[in-house]
Amino acid sequence: MDVSDLKKNIKLLIDGQPWVVTEFQFVKPGKGQGLYKCKIKNMLSGSVIDRTWRSGEKLEAANVESRTMQYLYNDGTQYTFMDNLNYEQVEIQTDIIGDDRNFLMDNLEVEVLFFNNRAVGVTVPSHVVMTVTECEPGIKGDTATGATKGATVETGYSLQVPLFIKEGEKLKIDTRTGAYIERVNE
Amino acid sequence: MADHRLAVWDAALDAVRSYLRGAGLLEVSTPFIVPAVAVEPFIEPVVVGAGADRHFVITSPELAMKRLVCRHHHDVFQIAHVRRAGERSDRHREEFHLVEWYRVGATLGTLQADVAALCRRVAAAVAGVQGRTTPPEPRWETHRFFDLLETTTGVDLRGADDPGTLLQSLRSAAGLSGDTVAAADLGVSQLARWTECFSLWSDQHLDAWLRDRPGVAVHLEAFPPALAALAQVDRRAAPAFAHRFESHLGGIEVANGYLELRDAEEQRRRFERVNALRERHGLETLPLDEAFLADLEHPGLPSCVGVALGLDRLVMLAAGAHRLDDIDPLG
């Protein structure tokens with residue numbers, strides 16, 4: 001690929017790693033060499049760097065694809081997801097899932113990142129709604145104090161919740177911080 | 001807010017025609033799709049057709065207009081649609097308008113005065129239709145390339161064959177590594193290195209220097225010989241320099257002018273050198289405009305100066321906009 005193909009969101013292969021262009025600025029004197037000044041983000045590590053290319057340079061496209069898949073189950077070391085379009089199943093190791101395993105509810109839809117046809121990352125929705133499976137009894141009326149207690153939700157994940165929360169209730173949880181957002185009434 | 005974009009373009013086009021006609025130039029109209037364009041290191045023409053029918057959309061009307069001057073010895077101007085592939089930003093569009101004009105027997109100083117006057121006339125006309133008072137005219141200054149290079153970087157490259165350590169430090173500052181183009185031919189290598197140096201210097205130093213001087217517009221003249229393009233080079237001067245200037249208004253490049261090269265053999269050599277550079281960069285080599293080279297040989301080009309001005313950018317500045325898209329009536 002030629003540098004003139006550079007634009008936002010294009011996926012590049014640099015030193016064997018996949019990077020995505022997040023910012024892009026083209027600078028060129030009328031009769032001069034064009035400069036492509038970019039910010040690029042490593043799709044595996046998330047780190048962002050500045051990078052400039054010149055007219056005439058060549059680039060390699062990264063073989064990267066994002067597919068929507070549904071979480072099915074896990075056996076402790078591997079998590080299995082299914083593509084709803086073609087029913088293909090994919091196993092992904094625990095270490096790639098990381099802390100997001102706390103939010104993998106049955107049939108949750110996630111984005112799976114494939115690099116060279118291997119799953120390398122999973123993105124869960126920014127929040128999920130899960131049921132409380134275990135906690136101490138709720139204290140009626142105590143909504144004013146900031147005091148919290150421990151609760152466990154359906155994936156086995158534990159978090160701090162307000163004192164009025166009872167077993168069986170549904171909670172909205174922020175997957176980026178792991179924190180309680182609010183109770184969901186249905 | 002009222003949309004004045006149609007009236008703005010009408011006023012700008014009228015101001016251009018009125019100024020240049022008033023100065024005695026004839027308006028001409030030359031082909032849009034041609035068998036060959038001027039060969040430049042990093043200007044990409046759009047290709048039309050294939051094989052024996054392979055043609056190009058003009059990247060500037062320069063070659064045809066110089067042929068007119070060869071044959072008719074008259075001052076001429078054109079408002080041309082041109083296209084340069086792969087150039088897109090807030091200040092670049094692939095297709096844009098160049099106002100290009102030639103004056104027989106004149107000096108670059110006359111063209112520089114033309115550029116300043118044209119900018120003033122267009123600014124006044126555009127402000128008029130927008131119902132604004134004409135903004136104050138910038139103070140136009142003329143600076144020689146090597147002087148400004150030294151002022152901004154501390155490096156003196158007068159008489160230097162190669163940009164040397166300055167290119168190295170500009171590359172480091174941009175996080176770029178060394179020569180991407182290995183060239184056995186010294187002329188090709190020098191062209192590549194000066195071109196890259198100029199681009200990096202413009203981005204890292206010239207733009208900031210201009211930004212620090214709001215209210216000042218600049219004609220940058222006496223370019224390094226390697227960057228002469230289609231201009232004459234004065235090799236007897238110390239240091240040698242190219243009779244070329246670039247005008248910068250509102251911090252952006254708006255015009256590029258030459259004391260036109262008249263030597264057909266030298267012109268052919270330069271086109272071939274540029275093609276060699278393009279080949280090393282993996283860019284397509286381009287056919288030479290033999291009809292132009294033939295006219296340059298005979299009847300020959302009288303001593304003349306020529307300049308191309310980016311009308312879209314001038315209209316953008318005059319209208320107080322920041323992106324070319326903002327002044328597009330279809331935008």
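On a predicted model such as this, the values are computed, not experimentally measured, just so you know. Here is how names work: the chains are called A, B, and so on, in the same order as the sequence lines, proteins then strands, and each is numbered from 1.
Sparse packing is recorded around CD of A:E134, with 12 or fewer heavy atoms of other residues, nucleotides or ligands lying under 6.0 Å away. Heavy-atom contacts from other residues, nucleotides or ligands closer than 6.0 Å to CZ of B:R213 number more than 12.
Between chain B and the options A:P29, A:G56, A:G32, the largest number of non-hydrogen pairs under 4.5 Å is found for A:P29.
For A:D5, there are no salt bridge (Lys or Arg N to Asp or Glu O under 4.0 Å) partners, not counting sequence neighbours. Under the salt bridge (Lys or Arg N to Asp or Glu O under 4.0 Å) criterion, B:R323 pairs with B:D326, not counting sequence neighbours. With sequence neighbours left out, A:S47 forms a side chain to side chain contact (heavy atoms under 4.5 Å, CB included) with A:W19, A:N42, A:S45.
Taking the side chain as every heavy atom from C-beta outward, A:R54 and B:H281 never approach each other to under 4.5 Å.
B:E44 does not touch chain A: none of its heavy atoms, backbone or side chain, sits under 4.5 Å away. Of the two parts of A:K58, only the side chain, counted from C-beta on, holds a non-hydrogen atom closer than 4.5 Å to a non-hydrogen atom of chain B.
Contacts between residues 199-207 of chain B and chain A, defined by a heavy-atom separation under 4.5 Å, are made by B:S199, B:L200, B:S202, B:D203.
Atom CZ in A:F26 sits 11.0 Å away from atom CZ in B:R88 (nearest 0.5 Å).
In terms of modelled atom types and a separation under 3.5 Å, the side chain of A:K28 and the main chain of B:H92 share no donor-acceptor contact.
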